[in-house]
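Here is the structure we will look at, set down as structure tokens.
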Protein chains: 2
Amino acid sequence: MVKRRPVATPTLEEVAALAGVGRGTVSRVINNEAGVKESTRRAVQRAIAELGYVPNLAARSLAGRRADAVALVMTERDWRLFGEPFFSETVRSVGDALTDTSVQLLLTLVRTDAERQRFLEYARGGRVDGVLLMSVRAEDRLPDMLADAGLPTVLLGRRSGDEQVTSVDADNVGGAREAVAHLVRGGRRSIATITGPLDMYVAQCRLRGYRQALADAGLPTDPSWTVEGDFTEASGRRAMTELLDRHPDVDAVLAASDTMAAAALSVLRAAGRRVPDDVAVIGFDDFHLAQHTDPPLTTVRQPLEEIGRTMVRLLLEEMEQPEVAWRHVLLRTRLVVRESA
Amino acid sequence: MVKRRPVATPTLEEVAALAGVGRGTVSRVINNEAGVKESTRRAVQRAIAELGYVPNLAARSLAGRRADAVALVMTERDWRLFGEPFFSETVRSVGDALTDTSVQLLLTLVRTDAERQRFLEYARGGRVDGVLLMSVRAEDRLPDMLADAGLPTVLLGRRSGDEQVTSVDADNVGGAREAVAHLVRGGRRSIATITGPLDMYVAQCRLRGYRQALADAGLPTDPSWTVEGDFTEASGRRAMTELLDRHPDVDAVLAASDTMAAAALSVLRAAGRRVPDDVAVIGFDDFHLAQHTDPPLTTVRQPLEEIGRTMVRLLLEEMEQPEVAWRHVLLRTRLVVRESA
DNA sequence: CTGAAAGCGCTAACAC
DNA sequence: GTGTTAGCGCTTTCAG
């Protein structure tokens, strides 16, 4: 019924006194260091249990100069993706990759300038040993500020072609290229693409892959076969309508997101086209497609689990041995074929 | 191209030296304390800027005994709700409520026992000044352990009728009661309910409200009109099918979740019932209903924004002035009528 | 209004 | 193996 007053936390020194040893020894025990006689270790542990001792992390940080925590920053854009599998799966895999360490994962929301500033002080203030950032806007300097402050920093995706901060990304160029090559092999020749917002590097890459594949196949790349979308349902509809208008003979579409692929699909069907017999549609990932279309479309799948794992690996590496330069890791996508195109 | 080595962070002392003042003065300036001559304040700020000084938060915590951060814990159950508006809206409102403070919000995942233990050490170690917990399982002792450790702790929802930790909850009893009263006013007499898992307090409350309303109206409460679900689509279908089987004359259903309400709706329609003319359906919240049904059903809406705001308020209050006892706040729900039942 | 000094609780280096 | 000691960088009295 009555809440206990914040009990004065016992200190390491009190533990040492009770156990009849020095502070150093207690420190060694709680940090699981080797070189402590088994009997004394036991005595210390008993004292710890008896006192209900919990190490003061601020003191540990101050003396040991590390926080044993990393932050995963979600910016405004991510926030709207909160429910997206792409997002939650990545977070999950990051958590999984950290599960066997003593590193606490902290998710932080950075939506406003005030939050951004607060986080910057938090991170530069040493409360975390490293920072993971998701889908940062091209013009966002936060990653640079963190990296410049000497904090190990890893991005999911790159902001541009000459990203200066360590990053992990799916091989979007390769993925798009492979998808289009698949279409070509299936006999398609009139292949259009609905891109993402072209001020985003990921969208540029996917478009580049599309173009490369066409070039590889000796097919022309007329700009009229490319329509820019913004990853949303609405933009996908608009783009597909536009494409049908320009090129009634289109026989395949590469969409830069699953949402736009689904939208394209429904526009095509409404227009009386049969998918995939008449027109083939390929999107990136298929979280939404899996729910909204029947049958599911062929997709370029990103290795989300591996992305999270790799981000953590790079971060931990940089934490224990500061790298002089940034690194970029590209992970291969996988083409999941669900139709006989 | 080359990452700068972690620059040795300047300390408060260096700032003091450069500004030609004592450390105490610098401390007062960075903490915006009154009682510093304007000219010296300016001098200090110049030195801070020149050196790029950032306070070491570990040292500040150690000396000042506070972390300026609070954690919002997501347990396994929440995680599956990651994409749920109920979840993301609550997190958002918590973030908003904290936006004008200097308190950093940290979202933490607690899925496994290892993560749970790690978080406990993190929190008890003083890295946060308070903890918010979402939808904790009835048997979960984490909140008690935190509260016992003297940490201000606020729950979203209660684990049982005699919750011993401060909590904020929607008035589920009142909400269900109001919904059923509305049905009764509309002339319904054969009112069934699909409950949530009855080992969850929230489900018990909603069932109680249903029963109270029937009693209020002088209607009998036969157990055969109550079927237990688990908030999911599948359980809603099963329950509705069962109800139709038992009571073909059912003319209204109160479902303890929007998902189950949507499921009930589709089962009813498949059975040839007209909704709401023939059978009225009311659910709690309507994030899913809004997408999946047409027309949307009448719903009992929870004040999510207010819930987050209130949780933060209580937490901050307890942080600045430790309460002796826990408190519970119940927030009124709102019945959103979308049909002429 | 401001400087000096005493810790906050821990780690790590160094003796024994 | 284990005790001792010197800080880590800041807040907070307490003088002045």
Side-chain angles (χ1 to χ4, degrees), chain A residues 6-45 47-48 51-69 102 121-122 124-127 129 149, chain B residues 6-45 47-48 51-69 102 121-122 124-127 129 149:
Chain A
V7 188
T9 321
T11 70
L12 178 148
E13 179 136 29
E14 304 179 47
V15 173
L18 178 58
V21 301
R23 287 156 44 182
T25 303
V26 177
S27 178
R28 283 168 203 129
V29 170
I30 62 182
N31 289 303
N32 255 315
E33 282 172 34
V36 179
K37 207 199 301 172
E38 194 51 33
S39 60
T40 54
R41 178 184 299 274
R42 205 105 59 178
V44 170
Q45 281 165 337
I48 287 176
L51 262 38
Y53 168 75
V54 180
N56 177 316
L57 264 25
R60 174 175 289 175
S61 282
L62 186 55
R65 55 201 57 205
R66 42 172 243 273
D68 278 321
S102 60
E121 281 167 17
Y122 188 83
R124 303 219 306 157
R127 302 304 282 245
D129 300 316
Chain B
V7 187
T9 321
T11 70
L12 178 148
E13 179 136 30
E14 304 178 46
V15 174
L18 178 59
V21 301
R23 287 151 51 185
T25 304
V26 177
S27 179
R28 283 167 204 130
V29 171
I30 62 182
N31 290 302
N32 254 316
E33 283 171 33
V36 179
K37 206 199 301 173
E38 194 50 33
S39 60
T40 53
R41 179 185 298 275
R42 205 107 59 179
V44 170
Q45 282 166 335
I48 287 177
L51 261 38
Y53 169 74
V54 179
N56 177 316
L57 264 24
R60 173 175 289 176
S61 283
L62 185 56
R65 55 203 56 213
R66 43 172 243 274
D68 278 321
S102 60
E121 281 167 17
Y122 188 83
R124 303 218 308 156
R127 303 303 284 242
D129 300 317

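Throughout, a chain's letter reflects where its sequence line sits, starting with A, and its residues are numbered from 1.
Put simply, A:Asn56 has no side-chain N or O that comes within less than 4.0 Å of OP1 or OP2 on C:dC8.
By the salt bridge (charged side-chain N to carboxylate O under 4.0 Å, His left out) test, A:Asp68 is found to be paired with A:Arg66, residues two or more places apart in sequence or in another chain being considered. Residues satisfying the side-chain contact (heavy atoms from CB on, under 4.5 Å) criterion with A:Ala59, sequence neighbours excluded, are A:Asn56, B:Leu62.
The stretch residues 37-45 of chain B touches DNA chain C through B:Lys37, B:Thr40, each having a heavy atom under 4.0 angstrom from the strand.
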For residues 11-26 of chain A, tabulate all N or O donor-acceptor pairs below 3.5 Å that involve a side-chain atom, not counting sequence neighbours.
from	atom 1	to	atom 2	distance (Å)
A:Thr11	OG1	A:Glu13	N	3.3
A:Thr11	OG1	A:Glu14	N	3.4
A:Glu14	OE2	A:Thr11	N	3.3

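In this structure, B:Ile30 places its CD1 atom 11 Å from P of D:dT12, rounding to the nearest Å. A:Ile48 places its CD1 atom 14 Å from the C1' atom of C:dG9, with the value rounded to the nearest Å. Atom P of nucleotide C:dA4 and atom CG of B:Leu12 are separated by 13 Å, given to the nearest angstrom. Rounded to an integer number of Å, the gap from CD of A:Glu33 to P of C:dC10 is 14 Å. One atom, CG of A:Leu57, and another, C1' of C:dC10, lie 10 Å apart when rounded to the nearest Å. Residue A:Asn31 contributes atom CG, which lies 17 Å from atom P of C:dG9 at whole-angstrom precision.
Looking only at side-chain heavy atoms (C-beta outward), A:Thr9 and A:Tyr53 stay at 4.5 Å or farther from each other.
Proximity note for B:Val36 (side chain, C-beta onward) versus C:dC10, D:dG3, C:dT2: the nearest is C:dT2. Taking the side chain of B:Arg60 as heavy atoms from C-beta on, and the options D:dG3, D:dC10, C:dG9, the nearest nucleotide is D:dC10. Across D:dT13, C:dC10, D:dT2, the shortest atom-to-atom separation from the side chain of A:Arg28 is found for D:dT2.
For the residue pair A:Arg60 and A:Ile30, the shortest heavy atom distance occurs at NH2-CD1, 3.8 Å. Counting all heavy atoms, side chain and backbone alike, B:Pro10 lies closest to B:Leu51 at CG-O, 3.4 Å. In terms of heavy-atom proximity, A:Asn32 sits nearest to A:Arg41 at OD1-NH1, 4.0 Å. Across every non-hydrogen atom of B:Gly126 and B:Ala67, the tightest pair is O-CB, 3.4 Å.
Atom CG of A:Leu57 sits about 11.5 Å away from atom CZ of B:Arg124, to the nearest 0.5 Å. Between the CZ atom of A:Arg127 and the CD atom of A:Glu121 there is a distance of 12.5 Å, given to the nearest 0.5 Å. If you take CD on A:Glu33 and OG on A:Ser27, they are separated by 6.0 Å, rounding to the nearest 0.5 Å.
Comparing the end axes of the helix from C:dC1-D:dG16 to C:dC16-D:dG1, each fitted to five base pairs by superposing C1' atoms of four pairs onto the next four, gives an inter-axis angle of 30° (nearest 10 degrees).
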Pair A:Arg42, A:Val36 - check side chain to side chain contact (heavy atoms under 4.5 Å, CB included), show working.
CA-CA 10 Å; A:Arg42 205 105 59 178; A:Val36 179; over 6 Å; no

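Note on B:Ser27: a base of the nucleic acid sits closer than 4.0 angstrom, heavy atoms only. Residue contacts shown for A:Gly20 are limited to sugar-phosphate atoms, with no base heavy atom under 4.0 Å away.
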Distances for protein N/O vs nucleotides 5-7 of chain D N/O pairs under 3.5 angstrom?
from	atom 1	to	atom 2	distance (Å)
D:dA6	N6	A:Arg23	NH2	3.1

